[in-house]
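Please read the structure below before turning to the comments.
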Amino acid sequence: MENKDRYHNALIENDGQLNEIDLGEKFGLDENETRKIIVQLLSEHRIEFEENKACNYRVLKKPKKNGR
């Protein structure tokens with residue numbers, strides 16, 4: 001989903017400056033669509049619920065692969 005990837009990248013760049021709904025509106029997403037994307041990102045363990053300045057979500061870093 002293109003919007004999901006755009007939103008995820010925007011969360012990374014946002015660094016907690018805008019809340020999650022305002023960030024979605026910046027990309028033309030309504031509140032319902034933004035919440036659906038957040039649920040998908042949560043289920044994929046790409047973000048977690050944690051207050052991060054104005055935003056309530058924090059982007060999780062990818063685990064390092066150990067070449068094993």
Side-chain angles (χ1 to χ4, degrees):
M1 172 184 251
E2 181 181 325
N3 285 336
K4 181 175 69 174
D5 292 332
R6 281 186 13 198
Y7 187 81
H8 183 257
N9 290 332
L11 275 174
I12 295 169
E13 294 174 13
N14 182 47
D15 193 33
Q17 299 304 310
L18 292 174
N19 74 40
E20 59 278 1
I21 302 303
D22 290 341
L23 185 62
E25 288 177 354
K26 184 177 174 183
F27 290 98
L29 304 173
D30 65 16
E31 184 175 347
N32 288 332
E33 189 170 2
T34 301
R35 292 199 186 279
K36 287 178 185 178
I37 290 171
I38 289 170
V39 168
Q40 290 174 346
L41 291 171
L42 284 167
S43 70
E44 295 171 2
H45 304 286
R46 295 173 72 186
I47 63 173
E48 70 178 358
F49 182 80
E50 179 181 293
E51 287 187 27
N52 181 18
K53 301 175 189 167
C55 189
N56 289 319
Y57 296 92
R58 173 175 86 83
V59 176
L60 296 174
K61 295 180 180 174
K62 291 183 181 181
K64 294 181 180 178
K65 294 184 179 178
N66 288 339
R68 291 183 206 183

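- Sorted by first then second residue, the salt bridge (charged side-chain N to carboxylate O under 4.0 Å, His left out) pairs that include residues 35-46, not counting sequence neighbours, are K4-E44, D5-R46, E31-R35, E44-R46.
- Under a hydrophobic clustering in which Ile, Leu, Val, Met, Phe, Trp and Tyr are joined whenever their side-chain heavy atoms come within less than 4.5 Å, directly or via other members, I47 and L29 fall into the same cluster.
- Pairs of residues two or more places apart, or lying in two chains, that qualify as ring-ring contact (aromatic ring centres under 6.0 Å, His included) and include a residue from residues 14-58 are F49-Y57.
- No path of Ile, Leu, Val, Met, Phe, Trp and Tyr side chains, each step under 4.5 Å between heavy atoms, connects L60 with I38, placing them in separate hydrophobic clusters.
- Residues passing the side chain to side chain donor-acceptor pair (under 3.5 Å) test with D22 are N19, sequence neighbours excluded.
- The line from CG of D30 to CD1 of I21 is 9.0 Å long, rounded to the nearest 0.5 Å.
- Q17 pairs by the side chain to side chain donor-acceptor pair (under 3.5 Å) definition with nothing, not counting sequence neighbours.
- Note on I37: it clusters hydrophobically with L18, by side-chain heavy-atom contacts below 4.5 Å among ILVMFWY residues.
- Annotation: salt bridge (charged side-chain N to carboxylate O under 4.0 Å, His left out) contacts involving residues 12-21, sequence neighbours excluded, comprise D15-K53.
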